[in-house]
Amino acid sequence: MSEETKSLNFIEHIIEEDLANGLPKEKLRFRFPPEPNGYLHIGHTKAIGISFGLGEKYKAPVNLRFDDTNPAKEEQEYVDAIKKDIAWLGYQWENELYSSDYFQKLYDWAVQLIKDGKAYVDSQTSEAIAEQKGTPTQVGTPSPYRDRSIEENLDLFQRMKAGEFPAGTHILRAKIDMESPNMLMRDPMMYRIMHTEHHRTGNDWCIYPMYDWTHGESDYIEQVSHSLCSLEFKPHRELYNWFRDHVYHYAKAALPLPPKQREFARLNLSYTIMSKRKLLRLVEEGIVSGWDDPRMPTISGLRRRGYTPNSIRKFIEKVGVAKRENVIDVSLLEFCIREDLNKTANRVMAVLDPIKVVITNYPEDKEEWLEAENNQEDEAAGYRKVPFSREIYIERDDFKEEAGSKYFRLKLGGEVRLKNAYIIKANDVVKDQTGQILEIQCTYDEDTSKKVKGTLHWVSIKHAITAEVREYDRLFKHESPDSDKDKDFMEFINPKSLTIKTGYLEPSLADVEVGERFQFQRLGYFNVDDDSTSEKLVFNKTVGLRDSWAKQKPKPQNNQNQNKGKAQQQKRSAISLIQQFGKKYTNLNEEKQLKVKSEIQALAKEVSYDELEPLFGTAVKKAGTRVAVLIALKELLKNGLDRNEAINEFIDKAKDDKDEILVAEASDI
C-alpha cells in the first residue's frame with residue numbers, strides 16, 4: 001500500500017477538515033516544544049515524529065521551541081542535547097525559538113489582563129491557595145485578595161517584577177471561576193517570584209510565567225496552526241483556549257491565526273521509566289553512568305547503545321497515532337532495530353566465553369587467510385579475509401562432552417562446521433585437576449562439502465584482538481516499574497542489567513571507529529562505544545538476535561484454564577507451534593504479525609533443518625504456513641545453515657507467489 005493510499009490518522013483528519021473549511025495550506029505551522037530540564041527519551045520521539053512528520057507531509061514549517069520558564073531546573077546542556085538528538089533522528093526545524101524570547105510580550109499581556117479585571121495578585125501561602133482550590137467534587141473558595149483593585153494589582157505586579165519581594169510572598173493568578181468543574185480553571189497561577197538566574201536571560205527577570213500561560217501564548221506568537229500535545233494536557237485545553245481567546249482580542253490585527261490544541265496518546269513502553277524526574281534520579285544516585293548510559297531510554301542512550309535513527313522512526317511509524325493510552329511492548333522497539341541492523345550491519349566473529357580448541361592434524365606453523373562474506377543481506381558489502389590457525393577459540397557453551405541427538409554443536413565424536421572454514425571433529429579433552437576443560441582436541445577435514453548440521457563461529461587465538469564487551473539487559477525487572485503505588489520504582493532495578501566481559505575478536509575489527517555497528521555472529525548486534533580508544537576497544541551489545549525475554553515472562557496464576565492451555569501448548573514441539581502460528585498469520589494485522597513473527601523466530605532456535613524441510617512442500621493455498629516456514633528458515637540460515645538446492649527452490653517459488661506477505665518474506669532472505 002502506498003503512502004498516498006494509507007488511511008489518515010485522526011490528527012490528519014482534523015487538518016484536512018480545517019483545510020477544507022478555508023484554512024490556507026500556507027498557514028499550516030507546527031512546533032515541538034520541549035522543556036530543557038532533561039534529556040529527550042523514547043517517549044518524546046512520538047511527539048517529535050508526529051509534528052515533524054506533519055511538517056514533511058504538508059511541506060509546512062516546524063519550529064523547535066524551548067519552553068524555558070523554570071530556571072531552577074533548566075540548563076544549556078539540555079538545550080544542546082535536545083538539538084543534537086532531533087538532528088540525529090533526521091529532522092530539520094524551521095526556527096530555533098525560546099519562550100524566554102517572549103517574556104516581555106507575556107508580561108505586557110498579563111498587565112492588560114489585570115487592567116481588564118481578568119487577573120489579580122494573591123498574597124497567600126501556597127498551602128492556603130491549595131486548600132481553597134477545593135476538590136473535583138467540591139467547589140473552590142475565592143481568595144480574600146480576589147477583589148483587589150486594578151490599581152493595587154498593577155502596583156504589586158510591577159513591584160514583583162522589580163524584585164522588591166522575596167519568593168513565595170505573591171503570585172499572579174487569572175480570575176476565572178472558582179466553582180468550575182475543571183479545577184485548572186479555578187484561578188490558575190500565571191506568575192511566581194523566583195530569584196534564580198536564567199540560562200539565557202540571566203538576572204533580567206525575577207518573575208517567571210507558568211507553563212499554562214506561556215505555552216499557548218508562545219504558540220499564538222509563532223502563529224502555530226495546530227498545537228499537538230499528549231493526552232495529559234486534554235484537561236488543560238479549556239484553559240489554553242481561555243488564555244488564547246483573551247490575548248487574541250489584544251493582538252488579532254498583528255497575529256490573525258489563533259492556534260488549536262489537540263491531544264494524542266503518549267508513548268508508554270514496557271520495562272521503561274518515562275518520567276524525566278525519575279530518570280534524573282537514576283543519574284544522580286549513580287544507578288547509571290549518565291543520561292547517555294546505554295540502559296537509559298533517552299535518545300542519547302539509545303544512540304550510544306547502537307540504535308539507528310531509521311529503527312526509531314520505523315518504531316514510531318508502527319506504533320501509530322492514537323487517542324487512547326496504551327503500553328507498547330519494548331520487544332517491538334527491539335524488533336525494529338534487529339530488522340534494520342540485519343540489513344546494514346556487517347557480520348564478524350567474536351568469542352565472549354572462550355574455550356581453546358587445538359586442531360591436532362593442522363600444522364603448527366601454518367596459517368591461512370580465508371574469505372568471509374560481510375553481509376549476505378547486502379551484496380555491496382563485499383568480503384573480508386579471516387585468519388585460521390591450529391589453535392582457535394569457540395564459545396564454551398558450544399561444546400559438551402556428551403549430548404543427545406538434537407544437540408547440533410560440538411561434542412566428543414561429533415562434527416561441526418567452522419563458519420567460513422573447515423569441518424572439525426572433537427576427539428578428546430584436556431582438563432585441569434578440578435575437572436574443568438582446558439582445551440578440546442580436534443581434527444579437521446578439508447572436505448567442506450560434507451553435510452553437518454551445526455555451524456560455529458570462532459577466532460584464531462594468535463590473531464585475536466581483545467575488547468571490553470558490555471552486555472546490557474533491561475534496566476528494570478518489572479514490566480511497569482512505576483505502577484506500584486506501594487513500592488518505589490527503584491526496587492525493581494535489574495541488578496544484572498550490565499555484564500562486562502573480555503571478548504576475543506577477529507583482527508578485522510582492530511581499526512573500528514566509535515559508533516560502528518556489527519553483528520557478532522550467533523551472539524547479537526554490537527556497536528563501538530564512546531569510551532573506545534585505539535588502545536582499548538569497547539563494544540556495547542545493542543540487542544540479541546532474538547527476544548530472550550519472551551520466555552522469562554511470568555505465567556498468570558489466577559486462571560487455571562489459561563494455565564492448563566499454556567501447559568498443553570508447551571508440551572507441543574516447536575515445529576508444531578510454528579505451523580500453528582502460520583495458519584492465521586496472513587489474516588493478522590501488522591502489529592500482531594510482528595508479535596507472532598518474534599515468537600516464530602524464538603521457536604526456530606529449537607528446530608532442526610530436518611524438521612523444517614518437509615514443510616517446503618506445503619500446499620500453495622496455505623500461504624501463512626509457508627510464511628512461518630520462511631521466517632524460521634531465515635533464522636537457521638543466520639545461525640550457519642548452509643543453503644542447498646531444496647532451500648533455493650523453496651525461496652524462489654515463494655518469490656513468484658501471489659501472496660504479498662510471502663513474497664516480502666522470501667525477498668528478505
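Treat the numbers as computed from the prediction; the structure is a model and nothing was measured.
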Next item on the list: Determine the minimum heavy-atom distance between D659 and D657, stating which atoms define it.
Entry: N-OD2, 2.8 Å

Item checked: Between OG1 on residue T272 and CE on residue M296, distance to nearest 0.5 Å -> 11.5 Å

Note to self: Would you say D80 and Q76 are linked by a side-chain donor-acceptor pair, where the criterion is simply a distance under 3.5 Å?
What the structure shows: yes

Next item on the list: Report the distance from atom CG of L302 to atom CG of L40, rounding to the nearest 0.5 Å.
Entry: 11.5 Å

Item checked: Side chain proximity check, L106 to T214, heavy atoms < 4.5 angstrom -> yes

Next item on the list: Measure from the side-chain N and O atoms of K118 to the backbone N and O of Q112, and report whether any donor-acceptor pair falls under 3.5 Å.
Entry: no

Check: Between Y240 and H236, does the ring centroid distance fall short of 6.0 Å?
Finding: no

Margin query: Under a plain distance cut-off of 3.5 Å, with no hydrogens placed, do E152 and Y120 share a side-chain donor-acceptor pair?
Written below: no

Margin query: Taking the side chain as everything from C-beta on, heavy atoms only, tell me whether M194 gets closer than 4.5 Å to W205.
Written below: no

Notebook entry, point to check: When you measure from the side chain of N342 to the backbone N and O of R338, does any donor-acceptor pair fall under 3.5 Å?
Noted result: no

Margin query: Under a plain distance cut-off of 3.5 Å, with no hydrogens placed, do D108 and Q104 share a side-chain donor-acceptor pair?
Written below: yes

Notebook entry, point to check: Hey, mind stepping through F52 and Q92 against side chain to side chain contact (heavy atoms under 4.5 Å, CB included) and telling me if it holds?
Noted result: CA-CA 8 Å; F52 282 96; Q92 294 183 334; 6.0 Å; no

Checklist line | Closest contact, heavy atoms only, L662 versus A623 | finding: CD1-O, 4.2 Å

Note to self: Between K27 (side chain only) and S225 (backbone N and O only), is there a donor and an acceptor less than 3.5 Å apart?
What the structure shows: no

Next item on the list: Take D122 and R146 through the test salt bridge (charged side-chain N to carboxylate O under 4.0 Å, His left out) and record every step on the way to the result.
Entry: CA-CA 7 Å; D122 198 338; R146 196 172 195 264; over 6 Å; no

Note to self: Using modelled atom types and a 3.5 Å cut-off, is there a donor and acceptor pairing between side-chain atoms of R200 and backbone atoms of S100?
What the structure shows: no

Next item on the list: Would you check if the side chain of T201 reaches a backbone N or O of H198 as a donor-acceptor pair within less than 3.5 Å?
Entry: no

Check: Can you find a pair of side-chain heavy atoms, one from P297 and one from L279, that are under 4.5 Å apart?
Finding: yes

Margin query: Before you tell me yes or no, could you show the steps for I299 and I82 under side chain to side chain contact (heavy atoms under 4.5 Å, CB included), namely the whole-Å CA-CA distance, both residues' side-chain angles and the distance that decides it to 0.1 Å?
Written below: CA-CA 9 Å; I299 297 175; I82 288 168; over 6 Å; no

Check: Under 30°, 30 to 60°, or over 60°: which ring-plane class applies to F66 and Y98, parallel, tilted or perpendicular?
Finding: parallel

Item checked: Pairwise distance CZ(R173) to CD1(I171) - rounded to 0.5 angstrom -> 5.5 Å

Note to self: When you compare the side chain of E16 with that of Y58, does any pair of heavy atoms fall below 4.5 Å?
What the structure shows: yes

Notebook entry, point to check: Once you round to the nearest 0.5 Å, how far does CZ of R159 lie from CD1 of I207?
Noted result: 13.5 Å

Check: Looking just at side-chain N and O atoms, do D116 and H246 make a donor-acceptor pair shorter than 3.5 Å?
Finding: no

Note to self: Under a plain distance cut-off of 3.5 Å, with no hydrogens placed, do S123 and H170 share a side-chain donor-acceptor pair?
What the structure shows: yes

Notebook entry, point to check: Are side-chain heavy atoms of F315 and L267 found at a separation under 4.5 Å?
Noted result: yes

Margin query: When you measure from the side chain of R324 to the backbone of A265, do you find a donor-acceptor pair of N or O atoms at a distance under 3.5 Å?
Written below: no

Next item on the list: Compute the centroid of each ring, for F32 and then for W93, and state whether the two points are separated by less than 6.0 Å.
Entry: no

Note to self: Regarding R305 and T542, do their side chains bring together a donor and an acceptor under 3.5 Å, going by distance alone?
What the structure shows: no

Next item on the list: Please answer whether the main-chain N or O of L97 pairs with a side-chain N or O of N95 as donor and acceptor at a distance below 3.5 Å.
Entry: no

Next item on the list: Side-chain contact test, heavy atoms from C-beta onward, threshold under 4.5 Å: evaluate it for M160 versus D155 and give yes or no.
Entry: no

Next item on the list: Mind telling me whether Y39 and W291 have parallel, tilted or perpendicular rings, with 30° and 60° as the class edges?
Entry: parallel

Notebook entry, point to check: Do the side-chain N and O atoms of D329 and S331 include a donor-acceptor pair separated by under 3.5 angstrom?
Noted result: yes

Notebook entry, point to check: Do D340 and T308 have side-chain atoms, one donor and one acceptor, less than 3.5 Å apart?
Noted result: yes

Check: Please walk me through it: do D482 and K278 pass salt bridge (charged side-chain N to carboxylate O under 4.0 Å, His left out)?
Finding: CA-CA 9 Å; D482 57 353; K278 292 178 179 178; 3.8 Å; yes

Checklist line | Check: F157 ring centroid to Y107 ring centroid under 6.0 Å | finding: yes

Notebook entry, point to check: Would you say the side-chain atoms of E263 and Q261 include a donor-acceptor pair closer than 3.5 Å?
Noted result: yes

Note to self: Which residue is it: R244, K260, R65? I am looking for the one with a salt bridge (charged side-chain N to carboxylate O under 4.0 Å, His left out) to D219.
What the structure shows: R65

Next item on the list: Keeping the roles fixed (side chain from H195, backbone from F165), state whether a donor-acceptor pair exists under 3.5 Å.
Entry: yes

Note to self: Quick one: does any side-chain atom of D68 pair with a main-chain N or O of S99 as donor and acceptor, under 3.5 Å?
What the structure shows: yes

Notebook entry, point to check: What do the steps show when you test R277 against E35 for salt bridge (charged side-chain N to carboxylate O under 4.0 Å, His left out), and what is the final call?
Noted result: CA-CA 12 Å; R277 176 179 56 82; E35 297 175 69; over 6 Å; no

Item checked: Min side-chain heavy-atom separation I176-L239 under 4.5 Å -> yes

Notebook entry, point to check: Is there a donor-acceptor contact under 3.5 Å from the side chain of R262 to the main chain of I11?
Noted result: no

Checklist line | Heavy-atom neighbours of K655 NZ exceed 12 at 6.0 Å | finding: yes

Next item on the list: Test F243 against every option in W213, Y248, W109 by the ring-ring contact (aromatic ring centres under 6.0 Å, His included) rule and name the one that passes.
Entry: W213

Next item on the list: Ignoring hydrogens and angles, state whether a donor on the side chain of N63 or E222 is under 3.5 Å from an acceptor on the partner side chain.
Entry: yes

Item checked: Inter-residue atom distance I86.CD1 - H44.NE2, 0.5 Å rounding -> 10.0 Å

Item checked: Distance flag, aromatic centroids of F264 and F233, threshold under 6.0 Å -> no

Notebook entry, point to check: Would you call V330 and R474 a side-chain contact if the rule is heavy atoms closer than 4.5 Å?
Noted result: yes

Next item on the list: Please check if the distance between the ring centroids of Y78 and H199 is under 6.0 Å.
Entry: no

